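Quantities reported herein were computed from a predicted structural model and do not represent experimental measurements. By convention in this document, chain letters (A, B, ...) are assigned in the order of the sequence lines, proteins followed by strands, and residues within each chain are numbered from 1.
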Protein chains: 2
Amino acid sequence: MESEQFLKLDNQLCFAIYACSREITRLYRPFLDELGITYPQFLTLTVLWEHKRLTVKEIGERLFLDSGTLTPMLKRMEAMELVKRVRGTEDERKVYIALTERGEQLREDALNLPEKCIPHFGLTKDEYSGLLNQMNQMIESLQKVTR
Amino acid sequence: MESEQFLKLDNQLCFAIYACSREITRLYRPFLDELGITYPQFLTLTVLWEHKRLTVKEIGERLFLDSGTLTPMLKRMEAMELVKRVRGTEDERKVYIALTERGEQLREDALNLPEKCIPHFGLTKDEYSGLLNQMNQMIESLQKVTR
DNA sequence: GATAATTAAATTGTGCACAATTTAATTGCG
DNA sequence: CGCAATTAAATTGTGCACAATTTAATTATC
């Protein structure tokens, strides 16, 4: 039947996406190594470059990560002096994350990172944005079920 | 400039793929929980259902994983009696991984897993296979650089 | 206004993922 | 043959990812 076909590794989109995600991380790694950060740390900085100051929860909402992942990572980033962690005063449950000078400056070094990496994806501009759309659509569909 | 745009989270295909991969794993989890396995373990079983007996290296070539990841995972799977690990006799560097009875049987329970999950991707049949092709193409392009 | 329910982070514990190194076996080569 | 180079797994160490629980603060309700 069809079931048999779907169970083959080569026919599984989920495996292709999982493998692709790891290959992209591998592509980014040498560039990120130069900056002294990991890929998830780069994503965290990316949202902070856009929003300056966010709570742990707000970062989590954007990256789809929870405090179990973020808290230890943000502590490492604080130790590297990339971010400051400040407990809220009006609501003491919240912890605000803001960039340090160093965290701000890192943006300049990261600015050309996408341009250096994206060409290796082997996609045309249209394919890139088409794929971006489809992926975001898919994420939305999936989140309706998984949340 | 364009650089600024590329650095925004919403424009980064790499983030979309990373997030999508994790959402798919989240979708599969409850079904895999019933089988008592994780997603990477499911992928390992998938290649073994296709090939019966493979070395650690051969599994790694198919899943793009190294012994640092596979050895401990395969030991856990051996403890769960899903696979047998047998050191090669003609070449003692190799370790052959084969399914146990239980590992074989699990295939029946996993057979309908793709059918249960794929509809939630929110894709048409054509979109699914188109995306599968593009992802595999992308993986190939990336591996030319990262290997 | 006390208390129950909710919320935000942190903590605990398990399982990848992967770089780097180690160990042991095999192959290549002079 | 003898030894260097290579190969296959295993090991070591770091960093996510996430479920489940805990802690502490805030909000809702009576």
Side-chain angles (χ1 to χ4, degrees), chain A residues 15 18-30 32-33 36-45 54-61 63-80 82-83 85-97 143 146-147, chain B residues 15 18-30 32-33 36-45 54-61 63-80 82-83 85-97 143 146-147:
Chain A
F15 170 65
Y18 155 82
C20 192
S21 175
R22 287 166 40 225
E23 283 306 313
I24 294 176
T25 306
R26 187 184 309 265
L27 171 69
Y28 273 68
R29 186 166 297 117
L32 293 172
D33 280 350
I37 56 176
T38 65
Y39 183 68
Q41 288 170 10
F42 167 67
L43 292 177
T44 302
L45 290 174
L54 293 170
T55 64
V56 174
K57 184 179 166 54
E58 287 168 336
I59 294 174
E61 283 167 354
L63 302 181
F64 313 127
L65 292 170
D66 68 8
S67 66
T69 301
L70 288 174
T71 297
M73 184 172 73
L74 291 167
K75 282 182 180 174
R76 282 188 291 273
M77 293 175 75
E78 185 179 40
M80 293 189 281
L82 294 172
V83 301
R85 295 165 65 249
V86 181
R87 181 67 64 170
T89 47
E90 84 300 5
D91 186 342
E92 292 192 13
R93 291 172 305 180
K94 298 182 179 174
V95 169
Y96 288 94
I97 309 297
Q143 288 188 333
T146 60
R147 310 276 168 166
Chain B
F15 170 64
Y18 155 81
C20 192
S21 175
R22 286 165 42 224
E23 283 306 313
I24 294 176
T25 307
R26 187 184 309 265
L27 171 68
Y28 274 68
R29 186 166 298 118
L32 292 172
D33 279 350
I37 56 176
T38 65
Y39 184 68
Q41 289 170 9
F42 167 67
L43 292 177
T44 303
L45 289 174
L54 293 170
T55 64
V56 173
K57 183 180 168 55
E58 287 167 335
I59 294 175
E61 283 167 354
L63 302 182
F64 313 126
L65 292 170
D66 67 8
S67 66
T69 301
L70 288 175
T71 297
M73 185 172 72
L74 291 167
K75 282 182 179 173
R76 281 189 290 273
M77 292 175 75
E78 186 180 40
M80 293 188 282
L82 293 172
V83 301
R85 295 164 66 249
V86 182
R87 182 68 64 169
T89 48
E90 85 300 4
D91 186 342
E92 292 192 12
R93 291 172 305 179
K94 297 182 179 174
V95 169
Y96 288 93
I97 308 298
Q143 289 189 331
T146 59
R147 311 276 164 165

Remember a base hit wins even if backbone is also touched, and classify [X] as base, sugar-phosphate or nothing at under 4.0 Å, heavy atoms.
X	answer
A:S67	base
B:T38	sugar-phosphate
A:T55	sugar-phosphate
A:E90	sugar-phosphate

Report yes if some heavy atom in the side chain of B:M77 is under 4.5 Å from a heavy atom in the side chain of B:L45; otherwise report no.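 Side chain of B:M77 against side chain of B:L45, heavy atoms only: contact under 4.5 Å found.
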Taking C-beta and beyond as the side chain, do B:F15 and A:F42 meet within less than 4.5 Å on heavy atoms?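 Side chain of B:F15 against side chain of A:F42, heavy atoms only: no contact under 4.5 Å found.
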A:L54 and A:E61: side-chain contact (heavy atoms from CB on, under 4.5 Å), yes or no, with the steps? CA-CA 10 Å; A:L54 293 170; A:E61 283 167 354; over 6 Å; no
Pick the closest DNA chain D nucleotide for A:Q41 and for A:D91 by heavy atoms, then say which residue is nearer the 5' end.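 By nearest-heavy-atom nucleotide position, the 5'-most residue is A:Q41.
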Considering heavy-atom distances to DNA chain D, does B:Y18 or A:E92 have its closest nucleotide positioned more toward the 5' end?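 Between the two, 5'-proximity favours B:Y18.
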Should A:L65 and A:I59 be marked as a side-chain contact (heavy atoms from CB on, under 4.5 Å) after you check the CA-CA gap, both sets of side-chain angles, and the distance that decides it? CA-CA 8 Å; A:L65 292 170; A:I59 294 174; over 6 Å; no
Using a 4.0 Å cut-off on heavy atoms, which residues in residues 70-79 of chain B reach DNA chain C? List them by number, or say none.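 Contacting residues: B:M73, B:R76.
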Find which nucleotide of DNA chain C each of A:G68 and A:R29 is nearest to by heavy atoms, and output the residue with the more 5' nucleotide.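 By nearest-heavy-atom nucleotide position, the 5'-most residue is A:G68.
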Describe, as an angle rounded to 10 degrees, how the axis at the first end of the helix from C:dG1-D:dC30 to C:dG30-D:dC1 is tilted relative to the axis at the last end, five pairs per end.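 Taking the rotation axis at each end, their angle is 10°.
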Walk along DNA chain D from 5' to 3' and tell me the first and last nucleotide with an atom closer than 4.0 Å to a non-hydrogen atom of chain A.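 Endpoints of the contacted stretch of DNA chain D: D:dG15 to D:dT26.
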Tell me if a side-chain donor or acceptor on B:R76 pairs with a main-chain N or O of B:Q41 at a distance below 3.5 Å.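 No, the answer is negative, given that no donor and acceptor are paired below the 3.5 Å cut-off.
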Kindly indicate, with the supporting measurements, whether the criterion side-chain contact (heavy atoms from CB on, under 4.5 Å) is fulfilled by A:Y18 and B:T25. CA-CA 9 Å; A:Y18 155 82; B:T25 307; 5.7 Å; no
Pair B:E23-A:Q143, side-chain contact (heavy atoms from CB on, under 4.5 Å): steps then yes or no: CA-CA 7 Å; B:E23 283 306 313; A:Q143 288 188 333; 3.5 Å; yes
